[in-house]
Asker: 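One structure follows; several queries about it will come next.
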Amino acid sequence: MTPLLEVQNLSHTYSAGTPFAHKALEDVSFRVDRGEFIGVIGHTGSGKSTLMQHLNGLLKPDQGRVLLDGKDIWSDKKFTRECRFRVGLVFQYPEYQLFEETVYADIAFGPKNMGLDGKEIDRRVREAAGFVGITDAQLNASPFDLSGGQKRRAAIAGIVAMEPELLILDEPTAGLDPRGREEILDNIQTYRRAKNATVMMVTHSMNDVARLADRLIVMSQSHLVLEGTPEEIFSDPQSLVDMGLDVPEVTRVFLALEKRGLRLPRVYTLDQAVAALAALKGGARHA
Amino acid sequence: MLKDITLGQYFPGNSPIHRLDPRTKLILLVVYIVILFVASGPVSYCLCLGFLAACIAVSKIPPKSFLRGMKPLIFLMCFTGIMNLFFTGGETLLVKFWIIHIYLEGVIRAVYMILRFIALICATFLLTYTTSPIALTDALESLLRPLGKLGLPVHELAMMMCIALRFIPTLLEETDKIMSAQKARGADFETGSLIQRVKALIPILVPLFISAFRRADELATAMECRCYQGGEGRTKMKQLRYGRLDASAFAVTLAVLAGSIALTVFGL
């Protein structure tokens, strides 16, 4: 089966041909299958955001190709535009793109650009608002009267309403309080389950990707350096630390316990940790 | 894409022109404009253009950047040239066609006007290419200080100019980001009728204004927190001082001015 999205040997240089030229991506290849949740991690400036902007045709690769459903997204102009709708990209701090008079109109901006009829737009707006927990009263309010977290969720709904096959979120939880972060992550999960959607999420939170992602992509200095399940990626903490990254907090605690002589399995999420500790406790009692 | 726009872009360097006091450069630019308007014959024009070329050579700014900067003004130059070509009367008729009369004097005048235009633009660019915006505002503040006695808030005006210049690149970057974000939602800025294109700007302008106001507010708060108070009693880290280099620059430019006046008097 053709993967939903395939990136082949992608390279991109900013300000090519000037003294300010700098390579943002070099020879990046990976694939995204339908229904996956992919976490993208990497140090600031490793090229994550640049990579994401290539996936819906906002940036054109200098070398290499991006295939959506087996077709090069730059093969013709119409298809490039279509890709913007099929691959929904939520930028960092998306609340700064809100502009309409009401939240409803702002969420409807994307679907309207798709040329859908009024009834379908209405259905999509209400559904998207439902996923992110925006009430009917808030739909009619000005987006500028919402709180920070609500604004962020309204902006995400604007992309979700386009019903993209692949939803990409660039640090969706940056700058939010813990509760706001949890809400956004819950919204994404709800949406994903309901629509069986494919999601890519750029983040700095190892805890979040360990819990949510099926597969991780690790970027470092313009290269894709590691790819694999969270178990595989987090099994080598030292190389992650060398790249300016880290392992989830529970993994770190367990590694420290291991150093003190406790025999423990490797864990990546809180649930796994609870189970492992319960097993240890139970085992100790029986011994 | 938007970053390619040159807005009086500063080229850092260490040429004698770069090292001149910004006030000197500002005053000499005015003097040079006077020289340009004094010049009237071929020899005096050669003197003006030669002087400018020499200054550009000394500054070590690539001549290409001057051409690039001139591009948006080509239309204005052509317009001036054509107006002068057709509407200058004279004695030697060159072309007579229907209602169009072109005289030799008109041709000469058109060429002079265009040359004057080019020299004017290049001289201004030389100033902005070799002087950082901060230095330029400092110079302006220093030169306008006498007006402060008349109640003009000179320091505040200079500060406002300085802040405006400082935020141009930031706002350009912001615009780029907002454009990308709206494009990701299918906004289309490139096709459609004029009205549609103007309408397509709303999704950019609204967020841009909001963020500009937010930034202004934050900056004002930050300045208040540091007890910023402009004008009276404020000292500068970098004091502007005229040096020997400035004296020679004044001497050379005044010599060119004198030469230009002399040549014009003799009708050259």
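Chain letters run A, B, ... following the sequence lines, proteins first, then strands; residues in each count from 1.
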Asker: Residue by residue, scan residues 44-55 of chain A and write down, ordered by number, those that have a heavy-atom distance under 4.5 Å to chain B; if none do, write 'none'.
Answerer: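 Hits under 4.5 Å: Q53(A).
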Asker: Is S180(B) in contact with chain A via its backbone, its side chain, both, or neither, using a 4.5 Å heavy-atom distance?
Answerer: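 When you check distances to chain A, atoms from both the backbone and side chain of S180(B) fall under 4.5 Å.
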Asker: Spell out the residues in residues 56-87 of chain A that have some non-hydrogen atom less than 4.5 Å away from a non-hydrogen atom of chain B, in order of number; otherwise answer 'none'.
Answerer: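 At a heavy-atom separation under 4.5 Å, chain B is reached by N56(A), L58(A), R81(A), R84(A), F85(A).
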Asker: Tell me the residues of residues 90-116 of chain A whose non-hydrogen atoms fall below 4.5 Å from those of chain B, in number order.
Answerer: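 Within residues 90-116 of chain A, near chain B: F91(A), Y96(A), Q97(A), L98(A), F99(A), D106(A), F109(A), G110(A), N113(A).
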Asker: Other residues, nucleotides and ligands only: do more than 12 of their heavy atoms fall within 6.0 Å of CD on E218(B)?
Answerer: yes
Asker: More than 12 non-hydrogen atoms from neighbouring residues, nucleotides or ligands closer than 6.0 Å to CZ on F189(B), yes or no?
Answerer: yes
Asker: For chain B, which residues of residues 154-165 of chain A have at least one non-hydrogen atom nearer than 4.5 Å to it?
Answerer: G158(A), I159(A), M162(A)
Asker: Please identify, among P203(B), A184(B), A181(B), the residue contributing the most non-hydrogen atom pairs under 4.5 Å to chain A.
Answerer: P203(B)
